[in-house]
2 protein chains.
Amino acid sequence: MSELPAVLRACDAVGRVIEFWGFSRHLGRIWTLLYLSPEPLPAAEIQRQLAVSAGAASMHLRELQRWGVVRKVWVPGERKDFYEAETDLWKMVFRVMQERETKLLDETEAALQQSVEQLRSEAAQQASSDPDTAASLEAFRTERLEGLLEFTRLGRMVLGMLVQDGGFDLRAIESLLFGPGLPGSDASAEDR
Amino acid sequence: MSELPAVLRACDAVGRVIEFWGFSRHLGRIWTLLYLSPEPLPAAEIQRQLAVSAGAASMHLRELQRWGVVRKVWVPGERKDFYEAETDLWKMVFRVMQERETKLLDETEAALQQSVEQLRSEAAQQASSDPDTAASLEAFRTERLEGLLEFTRLGRMVLGMLVQDGGFDLRAIESLLFGPGLPGSDASAEDR
DNA sequence: CGTGACCTTCAAAAGATTTTGAATGTTCAC
DNA sequence: GTGAACATTCAAAATCTTTTGAAGGTCACG
């Protein structure tokens, strides 16, 4: 039968998600293979199952460890290294989001902030030739940039909410969505 | 002076964010240029300011329109097309998230679901050779896959929260984060 | 120590993506 | 209608990314 085995299908599914989020597809595939293994696996097994070269396996395993989502473990009596997946999905998402998105937000906010300041000085320089136009253009653009900056703040907030160390509670979101006082919902109808 | 002008700096900053989210950098740059313009701009102006070719400008403007974040507008007495940016940032994020992430979630959930089912039939086939091992492996993997499936549900929830048409309220998140009853926070200590 | 098994590195090749601009459509003012 | 101006397409070229595998390093064991 030429059908893709269940495990590989899952690996590829997660791989696609991970690729979507800007990482290499293989990071997701390798992590998933380990996550679906009751025992830690050696690099050779990963190479074989996922059809990646030795070099690629080595590099990807390193990156997964860097992100703290895969660990190297010792298997007594065995010479080679074995790897196992971090299984706390929240912890993983926390860590990765924290690092990646925070960096992006910081850089973006800084650039936009600088842009606002620069706008002021550029307007001052041009004020001599056409004061009114220059001033109103500056005002317009500053206002719009403030809109973008407001958005970075919002991003920080959503991030903070998700990343809130372990304390994040599904029910909190649920109540936001369908929560108390939602018009048209009968509070006791379903408790699921 | 060789310093990058304020507007282009902002364009690039947004471009980086957009690239991070899996789109072409230029989509963000072009949108931002339009967003920071009091008047609609013709394609030629975009080409000039952002240093992209005619072909690229055309294709990118088309994609931006497809996502509903840029509009073509008529300027009376002018031959060429002019473009303006959608300015409702929420609306944009809604639309894009809705389309992109929903698709990803659907596909992922379907694949994982299929993987679970396949697991069952694979285990049935191997049951003849080593019943106990096969059964416990299946149980283990099914459990883990359920963990992933649970996560897609969570993703849907977060998405639903963000995308909730226009009704999304910052204060709701704020209160979740720093809200009433937060242990260790003095409600009146800082209002920033 | 020497040996063999394993792991890592890295430069070159393959592959994917982006960019270009000339050719081809399309549109509107006249 | 016609023509000039503009927009679009698309295949080739340039660029960026990923993948490979052989060379070299490391390590545990005898």
Side-chain angles (χ1 to χ4, degrees), chain A residues 8 11-12 14-34 39-67 70-85 100, chain B residues 8 11-12 14-34 39-67 70-85 100:
Chain A
L8 289 187
C11 291
D12 288 351
V14 174
R16 250 171 279 130
V17 175
I18 259 44
E19 185 172 33
F20 198 83
W21 283 87
F23 297 93
S24 163
R25 178 167 49 102
H26 293 298
L27 296 182
R29 298 212 313 146
I30 294 174
W31 176 84
T32 308
L33 185 65
L34 295 172
E39 310 297 337
L41 299 179
E45 188 62 16
I46 294 168
Q47 285 168 49
R48 199 181 58 75
Q49 294 223 36
L50 300 182
V52 297
S53 69
S58 173
M59 288 199 308
H60 287 134
L61 281 167
R62 173 130 65 89
E63 185 165 6
L64 286 166
Q65 285 171 282
R66 196 179 80 65
W67 284 106
V70 159
R71 273 186 301 274
K72 206 180 269 195
V73 296
W74 276 109
V75 173
E78 283 280 5
R79 202 89 154 293
K80 52 195 162 199
D81 295 334
F82 285 72
Y83 300 88
E84 70 179 12
R100 276 180 110 226
Chain B
L8 289 187
C11 290
D12 288 351
V14 175
R16 251 172 278 131
V17 174
I18 260 45
E19 185 172 33
F20 198 83
W21 282 86
F23 297 93
S24 163
R25 178 167 48 102
H26 292 298
L27 296 183
R29 297 210 316 145
I30 293 173
W31 176 84
T32 308
L33 184 65
L34 294 172
E39 309 297 337
L41 298 179
E45 188 63 15
I46 293 167
Q47 286 167 48
R48 199 180 60 74
Q49 293 222 36
L50 299 180
V52 297
S53 70
S58 173
M59 288 198 310
H60 287 134
L61 281 167
R62 173 128 66 90
E63 187 166 5
L64 286 166
Q65 284 172 283
R66 197 179 80 66
W67 285 106
V70 158
R71 273 186 301 274
K72 205 180 267 196
V73 298
W74 277 109
V75 173
E78 284 280 5
R79 201 90 152 295
K80 53 196 160 199
D81 295 335
F82 284 73
Y83 300 88
E84 70 179 11
R100 278 180 107 225

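A, B, ... follow the sequence lines: proteins, then strands. Residue 1 opens every chain.
Phosphate contact (OP1/OP2 of D:dT19, side-chain N/O of A:R25, threshold under 4.0 Å): present. At the phosphate of C:dT18, neither OP1 nor OP2 sits under 4.0 Å from any side-chain N or O atom of B:H60. Not one side-chain nitrogen or oxygen of B:K80 sits closer than 4.0 Å to the OP1 or OP2 atom of D:dT8.
Atom pair B:R62:CZ and C:dG25:P shows a separation of 16 Å (rounding to whole Å applied). Atom P of nucleotide C:dT18 and atom CG of B:L27 are separated by 10 Å, given to the nearest angstrom. Residue A:L41 contributes atom CG, which lies 16 Å from atom C1' of C:dC6 at whole-angstrom precision. A:D81 has its CG atom 12 Å from the C1' atom of C:dA5, to the nearest Å. In this structure, CD of A:Q47 is placed 10 Å from C1' of C:dC7, rounded to the nearest angstrom. The CD-P distance, from A:E78 to C:dG4, rounds to 19 Å in whole Å. Nucleotide D:dT19 holds its C1' atom 13 Å from the CD1 atom of A:I30, rounded to whole Å. Residue A:I18 contributes atom CD1, which lies 18 Å from atom C1' of D:dT18 at whole-angstrom precision.
If you check C:dC28, C:dT20, D:dT19 against the side chain of B:S53, the one that comes closest is C:dT20. Nearest to the side-chain atoms of A:M59 among the listed nucleotides D:dT8, C:dT9, C:dT20 stands C:dT9. For B:R79, counting side-chain heavy atoms from C-beta on, the closest listed nucleotide (D:dA7, D:dG3, C:dA5) is D:dG3. Looking at the side chain of A:Y83, the nearest of the listed nucleotides C:dT8, C:dA5, D:dT8 is C:dT8.
Nearest-nucleotide mapping onto DNA chain C: of A:Q65 and B:A51, the residue sitting toward the 5' end is A:Q65. For the pair B:P42 and A:S24, both in contact range of DNA chain D, the more 5′-proximal nearest nucleotide belongs to B:P42. Heavy-atom nearest nucleotides on DNA chain D were determined for B:A44 and for A:V52, and the one closer to the 5' end corresponds to B:A44.
With A:T32 contributing its side chain and A:G28 its backbone, the two residues share a donor-acceptor pair below 3.5 Å.
Taking the ring axis of B:F20 as reference, the NZ or CZ atom of B:R25 does not stay both within 45° of it and closer than 6.0 Å to the ring centre.
Between B:P40 and B:F82, the closest heavy-atom pair is O-CD2, 3.4 Å.
Ring pair A:W21/B:W21: centre-to-centre distance below 6.0 Å.
The NE2 atom of A:H60 sits 10.0 Å away from atom CZ of A:R29, with the distance rounded to the nearest 0.5 Å.
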